[in-house]
Amino acid sequence: MALVNRSIALVDCNNFYASCERVFNPALKGKPIIILSNNDGCVIARSQEVKDLGIKMGVPWFKVQSLAKYHRISTFSSNYTLYADMSNRVMKIISEFCPDQEVYSIDECFLDLTGFKHLALTDYGQRIRSTINKFVGLPVCIGIGASKTLAKLANHLAKKRSFFDGVCDLNTVKPDALDGLFSEISVGEVWGVGRRTEKRLVELGIHTVLDLKRASPRALRKQFSVVMERTVRELNGESCIPLEEIAPPKKQLICSRGFGAPVFSLSALSEAVTSYITRAAEKLRCQRSVAAQVYVFIHTNPFKKKEPQYSPGRLVPLPEPTDDTRMLINTALAGLRSIYRPGFAYKKAGVLLDDLSPSGQQQKGLFDNMGTLQHSKSLMQAIDRINNAMGSGTIKFLGEGLEKQWKAKAEKKTRCYTTRIDEIPVAYAV
DNA sequence: TCTGGGGTCCTAGGACCC
DNA sequence: TCTGGGGTCCTAGGACCC
């Protein structure tokens, strides 16, 4: 069988969260920006200026706070509503350039451009870039290669080497030059090679991407796993990881958050758990699944080594698979009551819906409950419809509480410029 | 004082079966 | 000496990704 060299592209927004904030505050252009995680705990996104200062991804905010002040870094709480909406706009534009699109994460998508080879793909990539910049105002880079792993690597080059001007098509690079490039990139940059694996590879004398490309897939499979074998094959231009244009339904759904301040009482934990399971149930219905099990967990603060620690969890099976928020709340709260112990300072709680299956196919309970089932379905649909139309939380279960003293910190959040009419940006004529 | 959240895949090992 | 062997299913834990 003749192997056609495929052209897979990876379109990736540059410093996505930071760039989103800049769109609505042009004064931030060229200035250092940090975006904090939920609860304003860690640094999870940085503008290039901040990366250049050596502030690492994931460091606790309090450790770099004074440095940030010294360098006058603008800092924001994460505004996921804004980022998700900006992401949708970018993805929509890209889809108009290529129908074969896999939205891989909030700021990245893969494209299969194999059928577009009659075009100069580098130019086509530049058109994609300028269109996104024109309509959404976000910078992106594009990498193209014969496999997803190569597209990822090409994207890395497009970002790091100004020579490529934001678009790098490895399929147009001559083999010798390609090996030259690969010999200058450390193996840890390869998609799928994390910190642990990098260390083990280096011990085997595999330091660069070129070393890994030239390694024996079979030998590495024995040492590592089938994942590593695929990676080596992909580096050699053999596409092993298919594009997933339609996202398969999730197999589990998690909702968990740290609290703004420690929580002691069962009642406050109950509010938080009710709130989380309500979110999880919404996601569940959104993908038309039902859950058969609920896992509930609570945590004290593991960083406070001197305080007593307690981090229990419990898996509670449901009598039958459901997507009914009321049933899920009751189940989760029963689980919570069974693990709660007074006298601890709890810092986090969460729920996990497990054993998901498509709704409408669930096995019937022991008793004929079609009437109840129909009633539940109508009620949930009504709630979802109202909340979708009028804003999340318009209708909610009282068990979520009204005060929510456990709520996470988000002290530096910008407005939902693109999704709330009352928060739309205002421009003044001078 | 202050340390994110949500997901997937793979493997090894135990339980169990015939 | 050697003390069955092969298969499936499930789960926990590790590693990775963004």
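- Note on A:K348: every side-chain N or O is 4.0 Å or more away from OP1 and OP2 of B:dT3.
- In terms of phosphate contacts, A:K152 brings a side-chain nitrogen or oxygen within less than 4.0 Å of OP1 or OP2 of C:dC18.
- Heavy atoms of A:K250 sit under 4.0 angstrom from primed sugar atoms or phosphate atoms, though from no base atom.
- Residue A:V226 places its side chain closer to B:dC10 than to any other of C:dA15, B:dT3, B:dC10.
- The side chain of A:R230 approaches B:dC9 more closely than any other nucleotide in the set C:dC18, B:dC9, B:dG7.
- Checking B:dT3, B:dG4, B:dG6 against every side-chain atom of A:M57, the shortest atom distance belongs to B:dG4.
- Comparing atom distances between the A:E108 side chain and each of B:dG5, C:dC18, B:dC10 picks out C:dC18 as nearest.
- Base pairing analysis places B:dC18 opposite C:dG5; the two distances defining the Watson-Crick or G-U wobble pair are each below 3.5 Å.
- The ring of A:Y346 has its center no closer than 6.0 angstrom to the ring center of A:F259.
- For the OP1/OP2 pair of B:dG4 and a distance below 4.0 Å, the side-chain nitrogens and oxygens of A:N39 include no atom meeting the criterion.
- Among the protein residues, A:Q252 comes within range of the nucleic acid bases, having at least one heavy atom under 4.0 Å from a base atom.
- Electrostatic pairing of A:K404 and A:E400 counts as a salt bridge here, judged by a charged N lying under 4.0 Å from a carboxylate O.
- The side chain of A:K347 contributes an N or O atom lying less than 4.0 Å from OP1 or OP2 of B:dT3.
- Proximity of A:L353 to A:K250: side-chain heavy atoms (C-beta onward) are nowhere separated by under 4.5 Å.
- The nucleotide whose nearest atom lies closest to any side-chain atom of A:C42 is, among B:dG4, B:dT11, B:dT8, B:dG4.
- Within a heavy-atom distance below 4.0 Å of DNA chain C, the residues of residues 96-107 of chain A found are A:Y104, A:S105, A:D107.
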